[in-house]
Participant: 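A single structure is presented below for examination.
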Amino acid sequence: MTAIDLSIRAAAAEIALIGVTKSYDAKNTIIPPIDVTLRPGEFTVVLGPSGCGKSTLLQMIAGLERVSSGKIVIGGREVQDLEPKHRGCAMVFQNYALYPHMTVAENMAYSLKVAGVSKAERAERVGTVAKMLGLADYLTRKPSQLSGGQRQRVAIGRAIIREPGVLLFDEPLSNLDAQLRHDMRVELAELHRRIGATSVFVTHDQVEAMTLADRILILNKGHIEQFDTPKAIYHHPASVFVAKFIGSPPMNILEVEGDGSVLRLADGQVVANYSAKGKFQLGIRPEDIAVNEGGSIKTEIRYREDLGSHEILETKIADQNLRIAMPFGVEIDTTQTLSLSFPQARLHLFDGETGRAIANAFGDAHSAPVKEYQ
Amino acid sequence: MVENARSINIVASILLAIGILYIVGPLYLTLSTASQSYEYMLRNGLAWVPGTELFANMGKVIHDTRIPVQMLNSMIVAFSNALATCALSFLSAYAIVYFRIRWAGVAFALILATIMLPLDIRVITTYQVASNIFSPLNAVLDFTGLNSLIEMAFGSPVQLELSVLDTHFGLVAPLVAHGTGTFLFRQFFMTLPKDLFKAARMDGAGPIRFLIDILLPLARASFASLFVLTFLSGWTQYLWPLVGASTPDMQTAVVGLARLVPDADGQVPDFPMIMAGAVLVSLVPLTMIAVLQRFLVQGLVLSEK
Ligand SMILES: Nc1ncnc2c1ncn2[C@@H]1O[C@H](COP(=O)(O)OP(=O)(O)O)[C@@H](O)[C@H]1O
Ligand SMILES: [Mg+2]
């Protein structure tokens with residue numbers, strides 16, 4: 001690391017939400033009580049469908065929205081009643097929210113100016129941050145003269161210039177095109193390593209979540225479905241909601257019924273051995289299904305999608321959609337009936353009512369245990 | 001095709017010429033009349049050709065009439081009207097757009113209602129209020145029965161009285177109560193990035209700093225255009241100044257011009273002098289437009305830059 005790298009470095013703070021709730025009006029509760037602790041320096045991605053309360057959660061941490069009840073503790077200080085500027089947080093917004101009439105340099109230095117930092121120091125800090133973000137040549141430009149990616153960089157620069165202990169991102173990449181989004185992801189990961197601030201990144205894009213996060217917090221209608229490492233979430237989804245949300249294409253979920261020895265589909269086909277009775281939801285990832293290896297489950301291809309690196313086959317069993325991912329190079333006769341088998345070790349079982357995962361339903365063989373984070 | 005286009009062109013040109021004639025004709029007559037002498041007009045009627053008496057007529061206006069002091073009144077009224085309207089509209093739009101206020105929608109609707117109920121319609125009630133600005137309060141006290149309580153306790157009911165007729169304040173205040181500016185600023189604020197306010201709060205800027213550092217510079221063009229428009233409207237007001245001020249020294253120039261026509265029958269008004277006065281009175285708004293017309297267009301075209 002160079003001297004420049006070291007000069008913007010935050011003292012990362014722990015964030016704890018204790019029984020935090022939020023409702024805008026008496027009728028609707030946006031966030032039911034949430035309890036969660038984000039470790040200092042950790043990169044947490046809050047993932048969930050749009051409207052589930054991600055932004056609301058982030059803005060409560062930032063101080064832009066009041067909590068309806070509960071406590072927020074940042075770096076050991078209770079902050080839920082403090083103004084944003086006293087919380088040591090900085091935020092990057094989806095639509096950049098740059099000041100249109102200020103130059104890049106003025107935009108980045110505005111918070112320092114408000115805080116009464118001297119002109120000389122402001123210029124120095126702007127120089128450092130601009131160099132870090134590759135904005136050194138654009139300092140005198142107005143936001144309207146920048147590309148989308150450059151604007152987002154300015155927004156990031158504006159956030160990190162104060163060396164905040166907590167960095168908050170609200171879908172910062174969703175206005176960028178696919179290529180730029182990828183590049184910015186890489187840059188953000190790099191930046192996080194260098195700055196070390198506790199980061200909370202809100203998105204509805206699972207790729208961003210999987211690639212950036214130390215831990216992913218999956219939010220559904222305001223409550224936490226699962227909070228774990230990307231690996232654990234992928235391999236051990238805690239609920240049907242998580243299972244369907246992560247993976248592309250997402251995990252197949254089949255309604256099955258246990259008769260005490262096997263799990264059957266509605267049409268009577270046996271899909272797995274299991275010793276409990278009742279209704280269950282069975283999950284299997286499209287890439288885990290074994291095709292034409294002597295399996296007993298029969299189906300026909302309805303549609304195929306060749307993506308180059310792999311192929312997606314759309315099929316139906318017992319009137320339920322089933323997607324199969326075939327690796328490149330496997331030849332299949334699409335006119336023939338397929339015989340499928342579901343490797344027991346790759347199956348996920350969920351409660352038929354609650355959708356919560358049933359741990360170790362198929363024994364310990366079930367995919368290699370994932371090392372706990374840290 | 002070509003012929004077709006040409007005939008359209010000819011028709012368009014004729015229409016344009018008629019339009020120009022319609023607008024420029026009276027203007028020309030004003031100027032030509034203003035430059036002839038009273039005697040010339042008495043002899044020849046309408047002055048179709050310009051004469052040499054323009055400055056003499058203007059001199060007459062300045063020395064023999066109250067127009068100069070009335071122009072000062074107009075200046076005060078128009079300027080305060082513009083300034084107060086800009087400030088009030090800016091602040092009320094700020095409150096409506098950026099703060100979660102109960103009944104914000106209702107407040108905005110009421111403000112908009114003032115556009116549909118212009119002063120010309122409300123002139124009689126406005127006069128009543130201006131002649132005693134406490135009359136609404138008195139009415140409320142009477143209506144709610146509070147006054148009879150007060151009478152029992154103190155021996156006499158509250159009847160406050162303060163007239164603002166014949167004052168500059170009285171001339172300006174009713175003009176300011178108008179929603180166009182609020183609407184203009186609100187529409188402008190809506191075009192700004194919606195997280196700007198939050199971004200500023202994160203940067204440590206409170207509502208006042210946001211107003212001064214961010215909104216004010218951004219709204220410069222809107223300010224200028226609203227200022228010009230309200231200034232012009234204040235300058236050219238006729239009905240309210242006519243009603244609200246009765247002494248010549250408090251009247252505005254436009255009212256003063258109308259008063260130059262003698263009330264008595266049979267006497268031919270000194271039209272050259274009156275027209276010279278009209279030219280004189282028009283000079284101020286004309287200069288204003290010339291200097292600030294750039295902003296007029298900019299501010300009315302609501303675009304995010
Ligand atoms: N200011 C507000 N007033 C009332 N309801 C709001 C407000 N902001 C957000 N909501 C509601 O809260 C819910 C969650 O919103 P949000 O946190 O923005 O979701 P997300 O960021 O996950 O898409 C939505 O149903 C939204 O309608
Ligand atoms: Mg959101």
Side-chain angles (χ1 to χ4, degrees), chain A residues 24-25 55-56 58-66 82-103 106-117 142-145 151 154-162 164 166-172 175, chain B residues 86 90 93-106 184-227 294-295 298-305:
Chain A
Y24 288 103
D25 46 47
S55 300
T56 305
L58 202 67
Q59 297 194 8
M60 285 194 295
I61 297 173
L64 296 172
E65 284 290 351
R66 294 193 58 84
L82 298 183
E83 271 292 298
K85 61 176 168 185
H86 299 305
R87 296 192 182 197
C89 302
M91 188 150 169
V92 179
F93 295 87
Q94 175 177 355
N95 53 11
Y96 323 123
L98 298 174
Y99 311 123
H101 60 299
M102 296 187 189
T103 64
E106 287 166 344
N107 261 287
M108 294 201 289
Y110 184 63
S111 64
L112 301 178
K113 190 175 161 192
V114 173
V117 174
K142 295 271 174 71
S144 57
Q145 299 165 303
R151 283 183 213 184
V154 177
I156 292 169
R158 184 173 66 173
I160 63 176
I161 198 161
R162 277 178 305 156
V166 173
L167 266 175
L168 307 170
F169 300 86
D170 194 348
E171 311 209 15
N175 279 1
Chain B
C86 282
F90 185 71
Y94 178 52
I96 285 171
V97 174
Y98 287 100
F99 295 88
R100 238 179 262 159
I101 328 169
R102 219 179 277 225
W103 307 115
V106 177
L184 183 88
F185 278 123
R186 187 190 97 112
Q187 296 310 97
F188 173 70
F189 291 162
M190 306 278 251
T191 66
L192 296 175
K194 72 175 179 8
D195 285 333
L196 221 48
F197 188 64
K198 291 176 182 168
R201 265 186 87 188
M202 291 307 294
D203 277 349
I208 305 285
R209 267 215 94 136
F210 175 71
L211 187 80
I212 294 169
D213 285 356
I214 316 287
L215 274 192
L216 218 50
L218 285 173
R220 252 195 338 228
S222 298
F223 249 110
S225 62
L226 183 65
F227 190 90
R294 186 163 61 91
F295 294 105
Q298 248 178 44
L300 292 180
V301 181
L302 292 166
S303 70
E304 185 184 349
K305 259 284 155 68

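The shown structure was predicted, so the numbers you read here are calculated from the model rather than taken from an experiment. Below, read A as the first sequence line, B as the second, and so on, with proteins coming before strands; counting in each chain starts at 1.
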Participant: Among all residues two or more places apart in sequence or in another chain, which pass the salt bridge (charged side-chain N to carboxylate O under 4.0 Å, His left out) test with A:Glu65?
Facilitator: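 A:Glu65 satisfies salt bridge (charged side-chain N to carboxylate O under 4.0 Å, His left out) with A:Lys22, B:Arg100 once adjacent residues are dropped.
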Participant: Sort out for me which of A:Ser111, A:Pro143, A:Ala90 touches chain B most, counting heavy-atom pairs under 4.5 Å.
Facilitator: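 Of the candidates given, the most pairs with chain B belong to A:Ser111.
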Participant: Roughly how far, to the nearest 0.5 Å, is CZ of B:Arg201 from NZ of A:Lys85?
Facilitator: 10.0 Å
Participant: Do B:Ile214 and A:His101 come within less than 4.5 Å of each other through their side chains, counting heavy atoms only?
Facilitator: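 The answer is yes, as the side chains (C-beta and beyond) meet within the 4.5 Å cut-off.
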Participant: To the closest 0.5 Å, what do you measure between CE (B:Met202) and CZ (A:Arg158)?
Facilitator: 10.0 Å
Participant: Considering residues at least two apart in sequence or located in another chain, which fulfil the salt bridge (charged side-chain N to carboxylate O under 4.0 Å, His left out) criterion with B:Arg220?
Facilitator: none
Participant: Who among A:Asn95, A:Leu112, A:Val114, A:Val92 has the most heavy-atom pairs with chain B under 4.5 Å?
Facilitator: A:Val114
Participant: Less than 4.5 Å apart, any side-chain heavy atom of A:Pro84 and any of B:Asp203?
Facilitator: no
Participant: Mind checking whether A:Tyr110 and B:Arg209 have side chains closer than 4.5 Å, heavy atoms only?
Facilitator: yes
Participant: Looking just at side-chain N and O atoms, do A:Tyr99 and B:Asp213 make a donor-acceptor pair shorter than 3.5 Å?
Facilitator: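 Not at all, the side chains of A:Tyr99 and B:Asp213 share no donor-acceptor pair under 3.5 Å.
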Participant: Please report the closest heavy-atom contact between A:Ala97 and B:Leu196, naming both atoms and the distance.
Facilitator: O-CD1, 3.6 Å
Participant: Side chain, backbone, both or neither: which part of A:Arg87 has a heavy atom under 4.5 Å from chain B?
Facilitator: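 A:Arg87 has no heavy atom closer than 4.5 Å to chain B.
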